[in-house]
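Structure, as structure tokens:
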Amino acid sequence: MAVGPSVLRGQEPQVSGAVSEEFLSGPTTVVGHGGDQIEAYAALPTGPGPRGGVVVIHHMPGFDDATKEITRRFASMGYAAVCPNLHHREAPGALPDDASAAVRAAGGVPDERLVGDVDGAATFLRGRHDSNGRVGVIGFCSGARQAVLAACSLDLQAAVDCYGAYVLAEPPQGSSWRPPSLRGCLPSLSAPLLGLFGRDDRSPAPAEVEELDRVLTHAGKPHEFHSFDGAGHAFFAPDRPSYRVEAAVQGWRLIRDFFARTLQTGA
């Protein structure tokens with residue numbers, strides 16, 4: 001399925017150690033759970049490939065400009081990238097904050113639907129002429145829990161968990177969003193997992209990160225976790241007070257190297 005007519009040509013600035021590719025970016029659609037056509041945002045390099053693909057899962061604040069910028073960043077690294085709008089069904093065409101509020105009121109995105117939507121996004125990427133067949137997934141906050149869920153449910157080659165809340169622990173009583181623990185799913189993890197966390201975070205707290213490490217080690221699942229001093233939740237977000245530049249720079253370097261190993265070379 002082609003990217004829609006309002007694509008923009010872009011080129012990210014060169015950064016140390018990173019590829020900088022010309023790409024097209026703009027709105028598109030993917031076939032999600034139940035065969036639904038859902039809104040998505042794609043950023044696609046124009047070079048010949050072959051190349052790996054990245055499914056970007058947005059955070060609970062929604063299908064916003066910050067997440068689209070992240071999608072473009074992966075295209076600048078040389079990956080075909082797509083972000084499905086997980087809130088499309090509840091509020092098509094709505095602003096991200098309004099759509100997110102509607103989804104929260106409905107209890108969050110159902111896990112089964114999330115898996116179907118990510119599967120559709122991965123199919124979109126693998127169906128491209130320049131695909132090498134390898135697809136990874138990355139998510140932030142609630143999207144990071146969903147990235148782990150997707151990697152436990154689908155045939156993926158890499159997964160990145162950026163401070164994913166409630167992978168093991170369940171939300172406190174009274175929370176409108178009550179996703180089930182993924183503990184029982186973790187033995188089915190299909191891909192190496194990179195986890196990036198802040199030591200000052202409380203969701204997930206360092207103790208939960210340590211427990212997740214133990215569970216994955218016991219299950220024999222390849223993973224590498226990095227926790228950053230002085231960083232809390234959402235340390236990647238440059239438009240928030242939580243932003244921590246040193247942790248974010250190190251985190252992006254780790255993501256770049258991890259995807260290079262798992263999506264491009266298949267090592």
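Numbers here simply count residues along the sequence, with the first being 1.
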*asked:* Does this structure show an ion pair linking Arg73 with Glu21, if we count only N-O contacts that are shorter than 4.0 Å?
replied: no
*Quick one: CG on Asp200 to OG on Ser242, what's the gap to the nearest 0.5 Å?*
11.5 Å
*Do any N or O atoms from the side chain of Arg134 and from the backbone of Thr262 form a donor-acceptor pair under 3.5 angstrom?*
yes
_Under the criterion salt bridge (charged side-chain N to carboxylate O under 4.0 Å, His left out), I'd like the reasoning laid out for Arg261 against Glu224: C-alpha separation, chi angles, the key distance, then a yes or no._
CA-CA 13 Å; Arg261 296 195 307 270; Glu224 60 175 277; 2.6 Å; yes
*Would you call Cys141 and Cys162 a side-chain contact if the rule is heavy atoms closer than 4.5 Å?*
no
_Using only atom types and a distance under 3.5 Å, with no angle test, would you say the side chain of Thr29 pairs donor to acceptor with the backbone of Gln37?_
no
*Could you walk me through whether Tyr166 and Ser181 pass side-chain contact (heavy atoms from CB on, under 4.5 Å), step by step?*
CA-CA 7 Å; Tyr166 310 129; Ser181 169; over 6 Å; no
*For the residue pair Cys152 and Cys185, what are the closest heavy atoms and their distance?*
SG-O, 3.5 Å
*asked:* Show, in sequence, the C-alpha distance, side-chain angles and deciding distance for Thr28 and Phe124, and conclude whether the side-chain contact (heavy atoms from CB on, under 4.5 Å) test is met.
replied: CA-CA 10 Å; Thr28 188; Phe124 170 93; 4.0 Å; yes
_Within the 4.5 Å heavy-atom criterion, are Lys68 and Phe63 side-chain neighbours or not?_
yes
*What is the distance from atom OH of Tyr41 to atom CD1 of Ile70, rounded to the nearest 0.5 Å?*
12.0 Å
*Can you find a heavy atom in the side chain of Leu125 that is under 4.5 Å from one in the side chain of Val55?*
yes
*Is the shortest side-chain N to carboxylate O distance from Glu170 to Arg183 below 4.0 Å?*
no
*When the ring planes of Phe140 and Phe236 are compared, do they come out parallel, tilted or perpendicular, using 30° and 60° as the limits?*
perpendicular
_Is it the case that the side chain of His226 and the backbone of Phe197 share a donor-acceptor pair, with hydrogens and angles ignored and the cut-off at 3.5 Å?_
no
*Distance-only, no hydrogens or angles: does the Arg244 side chain make a donor-acceptor pair with backbone N or O of Gly230 under 3.5 Å?*
yes
*asked:* Could you check whether any side-chain N or O of Gln264 sits under 3.5 Å from a backbone N or O of Gly52, counting only pairs where one atom can act as donor and the other as acceptor?
replied: yes
_Smallest separation among heavy atoms of Ala159 and Ala147, with atom names_ = CB-O, 4.4 Å
*For residues Val160 and Val137, determine if any side-chain heavy atom of one lies less than 4.5 Å from a side-chain heavy atom of the other.*
no
*Mind listing the closest non-hydrogen atom pair of Ser203 and Ala165 along with its distance?*
OG-CB, 3.4 Å
*Looking only at atom types and distance, does a side-chain atom of His87 sit under 3.5 Å from a main-chain N or O of Pro96, one as donor and one as acceptor?*
no
*Does a side-chain heavy-atom distance below 4.5 Å link Pro50 with Asp130?*
no
_Under a 4.0 Å threshold between the charged nitrogen and the carboxylate oxygen, would Arg145 count as salt-bridged to Asp111?_
yes
*For side-chain contact (heavy atoms from CB on, under 4.5 Å), just list the numbers for Val148 and Leu186, CA-CA rounded to whole Å, side-chain angles, deciding distance to a tenth of an Å, and then say yes or no.*
CA-CA 8 Å; Val148 175; Leu186 293 173; 3.8 Å; yes
_For the CD atom on Glu246, are there more than 12 heavy atoms of other groups (residues, nucleotides or ligands in this structure) within a distance under 6.0 Å?_
no
*Please step through ring pair (Phe, Tyr, Trp, His ring centres under 6.0 Å) for the pair Phe74 and Trp252, ending with a clear verdict.*
CA-CA 10 Å; Phe74 285 115; Trp252 276 113; 5.6 Å; yes
_Is it true that Asp64 and Thr67 share a donor-acceptor pair across their side chains at a distance under 3.5 Å?_
yes
_Approximate separation, where rounding is to 0.5 Å, of Leu212 CG and Leu168 CG_ = 5.0 Å
*Please name the pair of heavy atoms, one in Pro187 and one in Ala219, separated by the smallest distance, quoted to 0.1 Å.*
CA-CB, 4.4 Å
*Full working for side-chain contact (heavy atoms from CB on, under 4.5 Å) between Ile255 and Leu196*: CA-CA 9 Å; Ile255 292 167; Leu196 303 173; 3.7 Å; yes
_Where Phe23 and Ala43 come nearest, the two heavy atoms and their spacing_ = CD1-CB, 4.3 Å
*Rounded to the nearest 0.5 Å, what separation is found between the NZ atom of Lys221 and the CG atom of Leu193?*
11.5 Å
*Using atom types as modelled and distance alone, determine if a side-chain donor or acceptor of Arg51 lies under 3.5 Å from a backbone N or O of Pro45.*
no
*Answer yes or no: are there more than 12 heavy-atom neighbours, outside Asp239 itself, under 6.0 Å from its atom CG?*
yes
*What is the distance from atom CG of Leu44 to atom CG of Leu24, rounded to the nearest 0.5 Å?*
7.0 Å
*Would Tyr163 and Phe235 count as a ring pair (Phe, Tyr, Trp, His ring centres under 6.0 Å) if you check the C-alpha gap in whole Å, the side-chain angles of each, and the deciding distance to 0.1 Å?*
CA-CA 9 Å; Tyr163 37 82; Phe235 63 79; 5.2 Å; yes
*Do any N or O atoms from the side chain of Ser153 and from the backbone of Leu149 form a donor-acceptor pair under 3.5 angstrom?*
yes
*Got a second to check how far Arg199's CZ is from Phe228's CZ, nearest 0.5 Å?*
9.5 Å
*asked:* I'd like to know if the side chain of Ser142 and the backbone of Met60 have a donor-acceptor N/O pair within less than 3.5 Å.
replied: yes
*Any donor-acceptor pair under 3.5 Å from Asn132 side chain to Leu263 backbone*: yes
*Which pair of non-hydrogen atoms, one from Pro179 and one from Pro171, has the smallest distance, and what is that distance?*
CD-CG, 3.4 Å
*Measure the shortest side-chain to side-chain distance between Val135 and Arg126 over non-hydrogen atoms and say whether it is less than 4.5 angstrom.*
yes
_Contact between Val209 and Ser227 at the side-chain level, heavy atoms closer than 4.5 Å - yes or no?_
yes
*Between the side chains of His33 and Asp117, does any donor sit under 3.5 Å from an acceptor?*
no
